[in-house]
Amino acid sequence: MNDEVKCAKPECDRFTAINELARRRGFFWPSFEIYGGSGGFVTYGPLGTRLKQNIEAKLRELFVKKIGIYEMESSVIAPGKVFEASGHVDHFKEPMVECQNCRGRFRADHLLEEKADISSAEAEKMSLTEIKEEIERHGILCPDCGGKFGELQRFLTMFETTIGPYSGAVGYGRPEAAQNIFVEFNRLYTVARERLPFGVIQIGHALRNEISPRQGLIRLREFTIADLEFFFDPQEPCCHLLKEVENEVLPILLCETRLKECEDTTDLTVREALDRKIIRSEWQVFFMAMAKKLLIELGVPAEKQRFIEKLTWEKAHYSSQSFDQEVLVDRWGWIEVSGHAYRTDYDLSCHMKASGVDMSVYKEYANPVEKEELVVKPIMAKLGPVYKNEASKVAALLAKVPVQEVADAMQKQGYFMVENYEIKTDQVDISRQKTIVRGTRFIPHVVEPSFGSDRLFYVALEYAYGIKDNRVVMSFPRSIAPVQVGVYPLMSKDGLDTKASEVQRLLANEGFMVEFDETGSIGRRYARADEAGVQLGITIDYETLSDDTVTIRDRDSWQQVRCAIKDLPKQLHKYFEGKVNFEQLGSIIKS
RNA sequence: GCGGUCGUAGUCUAGUUUGGUAGGACAUCAGCUUCCCAAGCUGACGACCCGGGUUCAAAUCCCGGUGACCGCACCA
C-alpha cells in the first residue's frame, strides 16, 4: 500500500484522512461541487447514508423503543411568529460594527461589556439604536486601530424566506427541531393521554446561516439535529428510571473549575451530581447518562468523553442550566456532540403568551383541598339600574381588584372606588365561600438533550478509523456497520460465482445488508471491504461446492471460521443481535 | 467577514520560476492467471476550480469570483 494515498502517515491527521476516505468511498463529500461548491453543505453518499441511518436508529432504539419517548416529524420552515415567540428572532443575531479605518469587525454588545461596563445581560436586552447611542456616548473606538465605527448592523443567523407568492408572510428555516415540539404541545399531550412525564423527539434537518462554517461535518449550515423535549411536573421532578443509571460516572468540567482556567474534569456518579446539587434536574442527569451510553455504543470509549458545564453567558437564551457533552477528536480536541439544557417552562410560556393558547396542563390533587375564601360578587340587579350599559364594565373592573382590598374599603368607608365608579356596600355581596379545589393547572418544565447527528456520525467515523498492516480498517461497532455482510466468490468462475449469488440472495432475503463483490483478487476485495467497514466477509471457495460450507472473515481480527450455509441465517442473526461473538460462528480456521 | 496558504483524473502528485502537444503513481473497469488478505501481466477510462484580460499561444502571467485549509472574529 502507498502511505501517501491512504493518508496513513502520522503527519496526516485523522480529519484529513477521514475526509479523503469519505469522498473516495462515498461516506460524504461537500455538496454542489460541479458549481464550485458552497460552504456548510454536505452530501451523504451510499455508505454514509446507511451509517447515518444506523446511528439515528440507535437514538430511536435508546429513546423511542426503550424508554417510550414519542417521535414526531414536522416542517423545516415555520411562520415568523414561531421564532418571534421563541425568542430566536431577538437572540439569533449578533449586533456587529465595522471599523471604518481598518475594517475590523466586532461584536457591538461585547464592546459595550468591555468598554462601557455594561453587563452581558443588559447588553443583550438593548435595541440596535440603544447600542449605537451607548457606543457614541462612551466614545468607543476600534480596539485594534482606534478608528471610528461605521453603521451598526445585525447579522441574523436564521435563514429568512417568504411564505407564498406575496412577500408579506415572513418565514424562517428552523435553527433547531425543538420549536415544532413546543408548538404542537397540546396535540402531543392529548395523544400521550394527558399524562406527565413524557418526552417527544424530532430528528430532522435544521438550518443556521453560520457566518463561517468550517471543520467539515462539524459545523454545517444545514444539518441534522435530534431534539428531545422531555416534559415533567416541576413539583414532581423525580426520574423513575434513575436507578438504572445512578452509579454511572460522568466526568464533568465544572464552572468553578473553568473559572480557574483549569481543564480538569471531576468524576461524579449520577447520584453524587444530584446530591451535591451540581445538576439540578434528575431527568437532565438521566439523559446525560444515556448520552454517554449512546456514544459508547457508537464506538467512543468513556474516557474520550466529558461533560462541560456552560457558564452563564454561554448559555442559550432559553436555558437555566446547560451541559455540553464533548468527545475528544484528533484535529480539534474536544468537540460538542450533544447539549443538555434545562429549558424550564420558557418555551411553552412564550408560545402561550404569543398565541393566546393555553398550554398549561391540569393536575388533579390526590386529596381535594377544601378552601375557604373571601368572594366579592357584584349584584347586577343593583349595578344595572345605576350604571346602565357600563354595568358589565364596572363588574369586570371590580373583578380585577384584590378581594381583601374591596372588603377592607367597604368596612371602613362603606364604599369602594374602581376608577371613577363608586361601588356601594349594597351593590356587592361579600362573603366567605367554601370551595373544593380538586386540582391545579401548571406549565410543564422541560429538559432537553439535543444531539447533532452529523457530529455523532463524524465521531463514529473517527473512532472506527484504524490502520492494520498499513491498510485502513473502519471498525464500526457491529450494530452500526453500514454493510453487514460481504459475499465473495474466491474466483469468478467454475460455478463459484453462481453459488455466491445464491448465498447473497439467501442473506438479503433474511434482512441482512449484503454486498456482493467478485472483481479483483480476494485480498483486494477484503481490503476494500475493510475500508468500507463491512462487518463480515463470506467467501465461497472450492470446498463450498463439495460440502456447502463457507468461510466467514472478521473485519477487525481477520480471523476466519467455517460455517455451513444452512446455519448462516440463524448464526448471523445471533451475531448481529450481539448474542454470540465471532468465534462462535463456526470452527476456527488456523492461518 | 478579515489576513495568510493553496486549488492539475476517483486519490496523491510532477509541470507554474523562464507561456509552446499536461507526465507519473495508486484506485477503478475489461481480460489472463485454482487467487484467502491491495501479487503479476495486457489493455481501457480519466484532470489543469470558474469567469474575464494580456498573448500568435495561458495549467503557467494579470484581474475578479469561488472553494478548501490555517489564524482572527463568530459558534445563541
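Sequence lines set the chain letters: A, B, ... in the order given, protein chains first and strands last, and positions in each chain run from 1. Owing to the predicted nature of the structure, the values given are computational and were not obtained by experimental measurement.
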Quick check: on RNA chain B, is the nucleotide nearest A:Gln559 upstream (toward 5') of the one nearest A:Lys310, or the reverse? Name the residue that is more 5'.
A:Gln559

Just call it for A:Thr519: base, sugar-phosphate, or nothing, with non-hydrogen atoms closer than 4.0 Å on any strand.
sugar-phosphate

Using a distance-only criterion (donor-acceptor N/O pair, under 3.5 Å, no hydrogens), is the base of B:C69 paired with the side chain of A:Arg331?
no

Sorted by position of nearest nucleotide on RNA chain B, 5' first, the leading residue of A:Gly216 and A:Glu336 is A:Gly216

Gap in Å between the two P atoms, one belonging to B:G4 and one to B:C12, rounded:
25 Å

In whole angstroms, how far is the P atom of B:C12 from the CZ atom of A:Arg23?
6 Å

Presence of A:Arg524 side-chain N/O under 4.0 Å of B:U28 phosphate oxygens OP1/OP2
yes

Find the distance A:Met158:CE to B:C74:P and express it as a whole number of Å.
20 Å

Categorize A:Tyr542 for me: base, sugar-phosphate, or nothing, with a 4.0 angstrom heavy-atom threshold over every strand shown.
base

Provide the distance between the two C1' atoms, one in B:C50 and one in B:C70, to the nearest whole Å.
24 Å

Looking at B:C36 and A:Tyr526: do their rings stack (centroid distance under 5.5 Å, interplanar angle under 30°)?
no

Exercise: identify the closest heavy-atom pair between A:Asp530 and A:Arg553:
OD2-NH2, 2.8 Å

Can you tell me the Watson-Crick or wobble partner of B:C41, both distances under 3.5 angstrom?
B:G31

Whether the A:His205 and A:Glu222 side chains hold a donor-acceptor pair (N or O, under 3.5 Å, no angle test) is what I'd like checked.
yes

Between B:C61 and B:C2, how far is it from one P atom to the other, in whole Å?
24 Å

Between A:Trp558 and A:Tyr526, does the ring pair (Phe, Tyr, Trp, His ring centres under 6.0 Å) criterion hold? Intermediate values first, please.
CA-CA 9 Å; A:Trp558 298 357; A:Tyr526 288 154; 8.8 Å; no

What is the separation between atom CD1 on A:Ile218 and atom C1' on B:C69, rounded to the nearest whole Å?
15 Å

Among the nucleotides B:C29, B:C12, B:C37, which one has an atom lying closest to any side-chain atom of A:Glu20?
B:C12

B:C69 - base-pair partner by Watson-Crick or wobble geometry, distances under 3.5 Å
B:G4

What is the distance from CD of A:Glu326 to P of B:C75, rounded to the nearest Å?
16 Å

Minimum-distance nucleotide to A:Ser521 side chain [options: B:C74, B:A38, B:A39]
B:A39

Would you say A:Tyr44 and A:Asp454 make side-chain contact, with heavy atoms under 4.5 Å?
yes

Of residues 491-505 of chain A, the positions that come close to RNA chain B - non-hydrogen atoms, cut-off under 4.0 Å:
A:Met491, A:Lys493

Go through B:C75, B:C36, B:C70 for me and flag the one nearest to the A:Trp332 side chain.
B:C70

Identified pairing partner of B:C56, criterion: Watson-Crick or G-U wobble below 3.5 Å:
B:G20

Going by an N to O cut-off under 4.0 Å, is there a salt bridge joining A:Asp517 and A:Arg524?
no

Identify whether any heavy atom of A:Arg208 sits under 4.0 Å from a base atom; if not, whether one sits that close to sugar-phosphate; answer base, sugar-phosphate or nothing.
base

Which part of the nucleic acid, if any, lies within contact of A:Asp530, taking any heavy atom under 4.0 Å across all strands shown: a base, the sugar-phosphate backbone alone, or nothing?
nothing

Interatomic distance at P, B:A59 relative to B:G19, whole Å
13 Å

What integer number of Å spans the P atoms of B:A68 and B:G31?
40 Å

For B:G51, which nucleotide in any strand shown is its Watson-Crick or wobble partner with both distances under 3.5 Å?
B:C63

What integer distance in Å separates A:Asn19:CG from B:G67:C1'?
14 Å

If you apply the rule salt bridge (charged side-chain N to carboxylate O under 4.0 Å, His left out), what do you find for A:Asp548 with A:Lys499, and how did you get there?
CA-CA 9 Å; A:Asp548 256 0; A:Lys499 188 75 188 170; 3.0 Å; yes

Write down the distance between CD1 (A:Ile18) and C1' (B:A68), rounded to a whole number of angstrom.
17 Å

Hey, is the side chain of A:Arg471 pairing donor to acceptor with the base of B:C37 inside 3.5 Å?
yes

Distance, C1' atom - from B:G23 to B:G15, rounded to whole angstrom:
8 Å

Inter-nucleotide P distance (B:C35, B:G40), Å rounded
16 Å

With a cut-off of under 6.0 Å to the ring centre and 45° to the axis, is A:Arg478 in cation-pi contact with A:Tyr575?
yes

When the C1' atoms of B:C26 and B:A9 are compared, how many Å lie between them, rounded to an integer?
12 Å

Using the ring of each side chain (for Trp, its six-membered ring), is A:His317 parallel, tilted or perpendicular to A:His88, with breaks at 30° and 60°?
perpendicular

Check whether any side-chain nitrogen or oxygen of A:Thr539 sits under 4.0 Å from OP1 or OP2 of B:C36, and answer yes or no.
no

Using a cut-off of 4.0 Å on non-hydrogen atoms, how would the nucleic acid contact of A:Gln560 be classed: base, sugar-phosphate, or nothing?
base

Between A:Arg306 and A:Glu263, does at least one N-O distance fall below 4.0 Å, as a salt bridge requires?
yes

What is the distance, rounded to the nearest whole Å, between atom CG of A:Leu207 and atom C1' of B:C75?
16 Å

Qualifying residue, where the test is side-chain contact (heavy atoms from CB on, under 4.5 Å) with A:Thr544 and the options are A:Val550, A:Thr539, A:Thr551, A:Ile538
A:Val550

Whole angstrom value for the distance that separates C1' of B:U28 from CG of A:Asp517
12 Å

